[in-house]
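Data block below; observations after.
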2 protein chains.
Amino acid sequence: MEISPALNISNAEWQVMRIIWTLGQASSQTVSQLLAKKMAWKAATVKTLVGRLVKKGALTAKRDGKRYLYQPAISEQQAMNTASEMFVEQLCQHKIGKTLEKMIQETTLSQQDIQDLISMLQAKQKTAPKEVPCNCLPNKCQCQPGTCQQN
Amino acid sequence: MEISPALNISNAEWQVMRIIWTLGQASSQTVSQLLAKKMAWKAATVKTLVGRLVKKGALTAKRDGKRYLYQPAISEQQAMNTASEMFVEQLCQHKIGKTLEKMIQETTLSQQDIQDLISMLQAKQKTAPKEVPCNCLPNKCQCQPGTCQQN
DNA sequence: AAAATGAAATTACAGTTGTAAACAAAAGGC
DNA sequence: GCCTTTTGTTTACAACTGTAATTTCATTTT
């Protein structure tokens, strides 16, 4: 199910993307001004980041008089999903539940979010196993026999 | 509430940590053997990673005859929590709910995990707002007036 | 004790990231 | 059409990462 070429966006770059995702499009000056306080970045720094994001294909640039307007090439939700996938893949499946608890604890969620999450969990409950084994040791792989690449 | 000095563990290093967390302690050879298949790393690579982890303070080394046995200096759950905190901080609060849904969808959770998550969400529901505003634009900061560092 | 072995430490090296200055190009003002 | 201002492009540079070979050091075996 891997389609997108991952499009690795670094932490600093992510800050820039958030602005442009929110505004739909923005000049580098706009981004600079908005991030100046929060990040204490010089305009030059923002320009570098914007340039890298264009090169990576995360932003597209449209000329607008003397400057460019930058637009996202992928949606924020899509990027967040990809990032969360990569995040989850890296962690012990046995302990991921506790980690999700932690994340939910420290996040503000809307009534609707919570309702959706509860519904999803209730559905999941129907087929959930008693225990999720730790998958940190490669040889304890739990894949279907025959399908597993590792064995 | 920031206590730990973050202790930045890279992706490749994380693979090593998972093995040692799971075994409690391990020689670099053990780690090599376990990761050889999964990661196609040479023994030298694993040694580099182990060395860096010791330098970073993520592992401690105890002599054991000719070699060392390495032990985690922080718990896996703690490291996962720190990682998840950093992950969440970087994302749009408005869209984090959908991202959590995505994570839950693609994760296998135990009955107990699901039960705990549901309870937590039900409690959270009591004080949850109707909408969580996007916090991507610094000037739309939602902090308490007076407490906010940004304004 | 010398040799062989196995592990750790040092060195390597290119790519990414954070942070930015310097330089170049384009557009608008005069 | 030339100058200035704004914006983009190139260059910089150190730290961190992924990946490993080489060298050194400690151990075990003859």
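Numbered from 1 within each chain, the chains take letters A, B, ... in sequence-line order.
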- [ ] Please report the C-alpha distance between B:Gln15 and B:Asn11 in whole Å, then the side-chain angles of each, then the deciding distance to 0.1 Å, and finally whether the side-chain hydrogen bond (donor to acceptor under 3.5 Å, both in side chains) criterion is met.
- [x] CA-CA 7 Å; B:Gln15 294 300 129; B:Asn11 284 12; over 6 Å; no
Spacing between [X] atom [atom1] and [N] atom [atom2], to the nearest angstrom:
X	N	atom1	atom2	result
B:Tyr70	C:dA9	OH	P	6 Å
B:Arg52	C:dA8	CZ	C1'	15 Å
B:Tyr68	C:dG6	OH	C1'	14 Å
B:Arg67	C:dA9	CZ	C1'	18 Å
B:Leu49	D:dT19	CG	P	8 Å
A:Gln29	D:dT7	CD	P	4 Å
B:Asn8	C:dG18	CG	P	11 Å
B:Asp64	C:dG6	CG	C1'	13 Å

- [ ] Name the residue closer to the 5' end of DNA chain C, choosing between B:Ser27 and A:Glu13 according to the nucleotide with the nearest heavy atom.
- [x]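 So the residue in question is B:Ser27.
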- [ ] Let me know, please, whether A:Thr48 or A:Lys56 comes out on the 5' side of the other along DNA chain C by nearest nucleotide.
- [x]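 With A:Thr48 and A:Lys56 compared, the 5'-side residue is A:Lys56.
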- [ ] For residues B:Glu101 and A:Met120, report the shortest heavy-atom separation together with the two atoms involved.
- [x] O-SD, 3.5 Å
Open item on the list: Is the shortest side-chain heavy-atom distance between B:Asn8 and B:Met86 below 4.5 Å?
Closed with: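 They are in side-chain contact.
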Just checking [X]: base, sugar-phosphate only, or nothing, at a heavy-atom cut-off of under 4.0 Å?
X	answer
A:Thr45	base
A:Gly65	sugar-phosphate
A:Lys47	base
B:Ser10	sugar-phosphate
B:Ala44	base

Could you work out which one of [options] sits closest to the side chain of [X]?
X	options	result
A:Asn11	C:dG18, C:dA8, C:dA21	C:dG18
B:Arg63	D:dG8, C:dA8, C:dT19	C:dA8
B:Trp41	C:dG18, C:dA21, D:dT19	D:dT19
B:Lys66	D:dT28, D:dG18, C:dA8	D:dT28

- [ ] State yes or no: do B:Met17 and A:Val88 share one hydrophobic cluster built from I, L, V, M, F, W and Y residues joined by side-chain heavy-atom distances below 4.5 Å, directly or via other members?
- [x] yes
Open item on the list: Using a strict threshold of under 4.0 Å (side-chain N to carboxylate O), is an ion pair present between A:Glu76 and B:Lys95?
Closed with: yes
